[in-house]
Amino acid sequence: LLGIKTPNELMFHYLRGGIFESYIISEIKKVIFNNRIPAELSFFRDSTGNEVDVIFEMSGNIKTIEIKSGKTIMPQFFKGISFWNKNFGNCSSYVIYAGDDTQHRSDTLVLNWRLVQKVFV
């Protein structure tokens, strides 16, 4: 529908970030559905533009998930999670990105996009 015909076109498409975010959220929803996880998903955005892509809540426990289409981990990937933790209390936090590495950064687990299911372990 977007006229994207090759992987290279997707890499430079202006909607790449939104497409990637939608894909990851659909993968999260599939894990929740297929494993019958009683969880609620939402997002957070305030009037000044602070946001977290996914708020995962189950039995009163909250996990924050930021989704980034970049292949290189950048400091701005953690902006929304840092805001959340500062204002609403620390919780388990994840950044899912389009790169290949998995690593810990302070209070956040950075996962490559192939490991979405690790959020639920």
Side-chain angles (χ1 to χ4, degrees):
L1 295 176
L2 295 173
I4 300 169
K5 295 176 180 60
T6 67
N8 194 47
E9 288 178 20
L10 177 60
M11 291 299 296
F12 300 104
H13 197 277
Y14 71 98
L15 291 175
R16 179 177 181 247
I19 293 167
F20 184 75
E21 187 174 309
S22 294
Y23 169 74
I24 295 299
I25 291 171
S26 69
E27 291 299 302
I28 290 169
K29 292 287 285 181
K30 284 195 298 189
V31 171
I32 289 170
F33 179 80
N34 290 330
N35 292 288
R36 298 182 180 172
I37 298 171
E40 295 292 325
L41 296 182
S42 59
F43 67 95
F44 168 79
R45 182 178 173 93
D46 70 9
S47 60
T48 59
N50 295 298
E51 66 178 33
V52 176
D53 294 328
V54 178
I55 308 296
F56 174 93
E57 186 174 358
M58 184 175 74
S59 303
N61 293 319
I62 293 175
K63 297 179 181 187
T64 54
I65 304 168
E66 194 63 35
I67 303 166
K68 299 295 182 186
S69 63
K71 291 188 173 194
T72 303
I73 300 168
M74 306 292 285
Q76 61 264 32
F77 286 10
F78 305 91
K79 182 182 172 204
I81 289 171
S82 295
F83 179 86
W84 177 276
N85 288 339
K86 180 180 175 187
N87 291 282
F88 302 107
N90 286 345
C91 59
S92 298
S93 299
Y94 303 85
V95 169
I96 300 173
Y97 79 118
D100 296 320
D101 295 330
T102 295
Q103 55 186 261
H104 286 276
R105 292 278 183 108
S106 59
D107 59 348
T108 303
L109 179 59
V110 179
L111 297 172
N112 79 57
W113 63 277
R114 294 174 190 91
L115 299 175
V116 169
Q117 71 278 4
K118 294 277 187 185
V119 171
F120 307 99
V121 175

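In what follows, every heavy atom counts, from backbone to side chain, and hydrogens, waters and symmetry copies are set aside. Nothing here was measured: the structure is a model prediction, and the numbers come from that model.
For the pair Glu51 and Glu66, the tightest heavy-atom approach, listed with the atom from each and the gap, is O-OE1, 3.6 Å. Minimum interatomic distance between Val54 and Ile25 (heavy atoms only, all atoms of both residues): CG2-CG1, 3.9 Å. Closest non-hydrogen pair, Pro38 versus Met58, comes out as O-CG, 3.3 Å. Contact between Arg105 and Gln103 at its shortest, heavy atoms only, is NE-OE1, 2.7 Å. Taking each heavy atom of Asn112 and Gly99 in turn, the nearest pair found is CB-O, 3.0 Å. Across every non-hydrogen atom of Trp113 and Ala98, the tightest pair is CD1-O, 3.6 Å.
Both Ile24 and Phe56 are part of a single hydrophobic cluster, where members link through side-chain heavy atoms under 4.5 Å apart. The cluster map of Ile, Leu, Val, Met, Phe, Trp and Tyr, joined by side-chain heavy atoms under 4.5 Å apart, puts Ile96 and Ile73 in different clusters. Tracing side-chain contacts under 4.5 Å through hydrophobic residues (I, L, V, M, F, W, Y), one never reaches Val95 starting from Ile55; they form parts of separate clusters. Hydrophobic clustering (ILVMFWY, side-chain heavy atoms < 4.5 Å, transitive): Ile62 and Val119 are in distinct clusters. Residue Val31 is grouped with residue Phe20 when hydrophobic side chains (ILVMFWY) are merged at heavy-atom distances under 4.5 angstrom, including chains of intermediate members.
Asn85 pairs with exactly one of Thr108, Thr64, Asp107 by the side-chain hydrogen bond (donor to acceptor under 3.5 Å, both in side chains) rule, that one being Asp107.
In this pair, Phe88 and Phe44 present their aromatic rings perpendicular. The plane angle is above 60°, beyond the 30 to 60° band.
For Gln76, the CD atom is densely surrounded, since the number of other residues' heavy atoms within 6.0 Å is greater than 12.
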Criterion side chain to side chain contact (heavy atoms under 4.5 Å, CB included) on Lys79 and Asn50, from CA distance to verdict: CA-CA 8 Å; Lys79 182 182 172 204; Asn50 295 298; 4.3 Å; yes
Test log, rule side chain to side chain contact (heavy atoms under 4.5 Å, CB included), inputs Phe78 and Ser93: CA-CA 9 Å; Phe78 305 91; Ser93 299; over 6 Å; no
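Taken from CG in Asn61 to OG in Ser92, the straight-line distance is 7.5 Å, to the nearest 0.5 Å. Here Ile81 contributes atom CD1 and Asn90 contributes atom CG; the two are 11.0 Å apart, rounded to the nearest 0.5 Å. Taking OG of Ser26 as the start and CD of Glu21 as the end, the distance is 11.0 Å to the nearest 0.5 Å.
In this structure, Asp53 contributes its side chain and Ile67 its backbone to a donor-acceptor pair below 3.5 Å. Within the 3.5 Å criterion, the main-chain N or O of Thr48 finds a donor-acceptor partner in the side chain of Asp46.
When side chains are defined from C-beta on, Leu111 does not count as touching Val116, because their heavy atoms never get closer than 4.5 Å. Counting only heavy atoms from C-beta outward, the side chains of Phe77 and Val110 never approach each other to under 4.5 Å. A heavy-atom distance below 4.5 Å is not found between the side chains of Lys63 and Cys91.
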